[in-house]
Structure formats: C-alpha cells, structure tokens
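Everything numeric in this text was worked out from a predicted model, so none of it was measured.
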Amino acid sequence: MQSITIKGSQRESVGKVATKALRNAGKVPCVLYGGDKPLHFSADEVSFKPLVYTPNVYTATIELEGKTYNAILQDIQFHPVSDSILHVDFYQLFDDKMVTMNIPVRLIGTSPGVLNGGSLRFAMRKLSVRALPADLPDFINADISKLKIGMKLFVTALADEKFTILHPDNTVVVQVRTARSAILTDEEEEEEEEGEEGAEEGDSTEESAAE
C-alpha cells in the first residue's frame, strides 16, 4: 500500500490553550496510539490533504524528532462550519501485527448486462479487510465482465489469500438490475423460456395429480 509522509513536532503541552494556539498557526493536533504510550504531536494542516481528501487509501509515515512511525488514520474531526481539520488520531502499525482497514473496491471490465440496458448498482464501494500491513492492498478489484441482467457479485468472488474480508459471504458488492430499456440476449431469453417451460410442466403435473 502507498504511504503519505507527514512531518510533525511533538507537543509539550496538550491543554486547550496550547491546542487553540496550534490551530491558529495552521497546525493540527494529533495523537499516535498503538505503541507503549500515546504520542502527542502536531503537523501542518496542508500535509493532511493527500491523506484525507481522496477516495484512495494510504498508510502514513510519521516523522517525529528523527524517528519514523508507520501508521493508519484512525479518526479525524472537522470543524462543523469551516470543514478545517481539528484533530487526527493515528494507530501505529507493526510488521507482525494484523490490522483492519477499509479498502476501496475498483470495478474492472464491462458488464454485458449494462450494455443491454441493465442498471448497475455498486452497493459496496469499500470493504473492511484484515491483514498484515505489508499485505494491505491499494484496491480490491471486482471483475464485472460476466455480470448479465439479474446477476450479483458477492464478496466471496473477491477473496484473496493475503487478506480476510470482514463481511458475510452473502454480501452483494455489485449487481445488474433490470431496467425498462433492458434488452435480453438470446442466451438469457432461452434461460427464461426454459424456466417458463419448467414451470408449465410443474403446473401440468400438479393438475394431473389433483385429478
């Protein structure tokens, strides 16, 4: 997974007055959890833009007083009016410890159902996964090239040995719904006709049994 570097300075004081002074200076108060003890630091607000204002997911390389810490963004608070960043919590990563993270799903291929007028419903744009830091993917690819009208793609189709998807097996990631303008292919029409014939045969059998 790609990483964003954030250069910070350790905070000597964590009181309200010191925090307000930091924000007035364009800096964001932060806390790094997960180690022996929480580390309080601050960093320029502009340094968070590549990490926060993006649909992609990154880890963070935090540089403090000559030391480097690998971390993930755990929580962020915004000002209710200005949307400026008020506070950020990070969680430290260790090479041998599993971590849980929300990873974006990327659709690949072209759905034949959509080409025939079906409606694509992208239900799960991010999936929660658990893995070692080195195995965290930038994206989870979802191949929709075989999705016809009425078909669904479940999380089980996106399984990978490097990470565990933390969603029930019946979770639908993407599906193609029928639309008014949808055109059935010959193969889909045959499947529907076979289904109708099977239903008719079933009805005839029930009628004979009733007689």
Side-chain angles (χ1 to χ4, degrees), residues 1-4 49-60 72-76 78 83 91 93 97-211:
M1 177 174 286
Q2 300 179 67
S3 180
I4 299 294
K49 288 185 177 180
L51 184 66
V52 176
Y53 303 107
T54 174
N56 301 328
V57 177
Y58 301 96
T59 58
I72 57 172
L73 183 65
Q74 188 175 48
D75 187 42
I76 186 167
F78 294 94
D83 257 358
Y91 188 81
L93 297 177
K97 289 185 178 180
M98 304 282 277
V99 64
T100 299
M101 200 168 183
N102 290 327
I103 305 297
V105 176
R106 180 170 58 184
L107 302 183
I108 58 173
T110 302
S111 163
V114 172
L115 291 178
N116 288 325
S119 174
L120 186 73
R121 183 173 181 267
F122 194 0
M124 301 293 292
R125 295 178 181 271
K126 284 189 176 181
L127 293 175
S128 181
V129 307
R130 186 168 178 79
L132 292 173
D135 293 331
L136 287 170
D138 293 313
F139 298 94
I140 298 176
N141 289 324
D143 186 359
I144 62 172
S145 60
K146 295 182 180 179
L147 287 187
K148 299 175 184 177
I149 293 174
M151 295 181 69
K152 301 176 181 179
L153 188 70
F154 296 92
V155 290
T156 49
L158 310 182
D160 193 289
E161 293 181 356
K162 292 184 177 180
F163 55 81
T164 301
I165 299 178
L166 303 178
H167 295 271
D169 290 349
N170 62 350
T171 300
V172 177
V173 178
V174 61
Q175 63 178 305
V176 180
R177 291 179 168 180
T178 303
R180 289 183 178 179
S181 59
I183 302 172
L184 293 176
T185 64
D186 291 341
E187 186 179 340
E188 289 171 330
E189 287 177 349
E190 287 176 5
E191 289 176 356
E192 282 205 349
E193 287 173 2
E194 288 175 2
E196 290 173 359
E197 288 175 3
E200 289 175 359
E201 289 177 2
D203 292 341
S204 298
T205 303
E206 289 178 1
E207 290 174 3
S208 298
E211 291 175 357

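Taking CZ from R121 and NZ from K152, the interatomic distance works out to 9.0 Å, rounded to the nearest 0.5 Å. Expressed to the nearest 0.5 Å, how far CD1 of I149 lies from CG of N116 amounts to 5.5 Å. A distance of 8.0 Å separates CG of D135 from CE of M98, quoted to the nearest 0.5 Å. In this structure, S111 OG and K146 NZ are separated by 13.0 Å, a value rounded to the nearest 0.5 Å. Within the model, atoms CG of D143 and CG of L158 stand 9.5 Å from one another, a figure rounded to the nearest 0.5 Å. Atom-to-atom distance recorded for Q175:CD and S119:OG is 9.0 Å, nearest 0.5 angstrom.
Side-chain contact between S3 and Y58 is absent, with no heavy atoms from C-beta onward closer than 4.5 Å. Taking 4.5 Å as the limit, every side-chain heavy atom of D138 sits out of range of all side-chain heavy atoms of N56. Taking the side chain as every heavy atom from C-beta outward, F154 and V172 approach each other to under 4.5 Å. I144 is listed as a side-chain neighbour of V174, based on a closest heavy-atom distance under 4.5 Å.
The two residues P50 and I4 come nearest to each other via the heavy atoms CB-CD1, 4.0 Å. Minimum heavy-atom separation, M101 to V57: CE-CG1, 2.9 Å. Looking at every heavy atom in both residues, P137 comes nearest to M1 through O-CE, 2.9 Å. The shortest heavy-atom contact between K148 and V176 is O-CB, 3.6 Å. Residues V129 and I103 come closest through the heavy atom pair CG2-CG1, 3.4 Å. Closest non-hydrogen pair, T54 versus L51, comes out as CG2-O, 3.7 Å.
With hydrogens and angles left out, the side-chain atoms of R130 and T100 include a donor and acceptor closer than 3.5 Å.
In this structure, the side chain of T171 engages the main chain of P168 through a donor-acceptor pair within 3.5 Å. Judged by distance alone, with hydrogens and angles left aside, the side-chain atoms of H167 form a donor-acceptor pair with the main-chain N or O of S128 at under 3.5 Å.
Annotation: Y91, atom OH; neighbour count of heavy atoms from other residues, nucleotides and ligands within 6.0 Å does not exceed 12.
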Under the side-chain contact (heavy atoms from CB on, under 4.5 Å) rule, what do F78 and V52 come out as? Steps first, then yes or no, please. CA-CA 11 Å; F78 294 94; V52 176; 3.7 Å; yes
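The only member of L153, T110, L107 that meets side chain to side chain contact (heavy atoms under 4.5 Å, CB included) when paired with L147 is L153.
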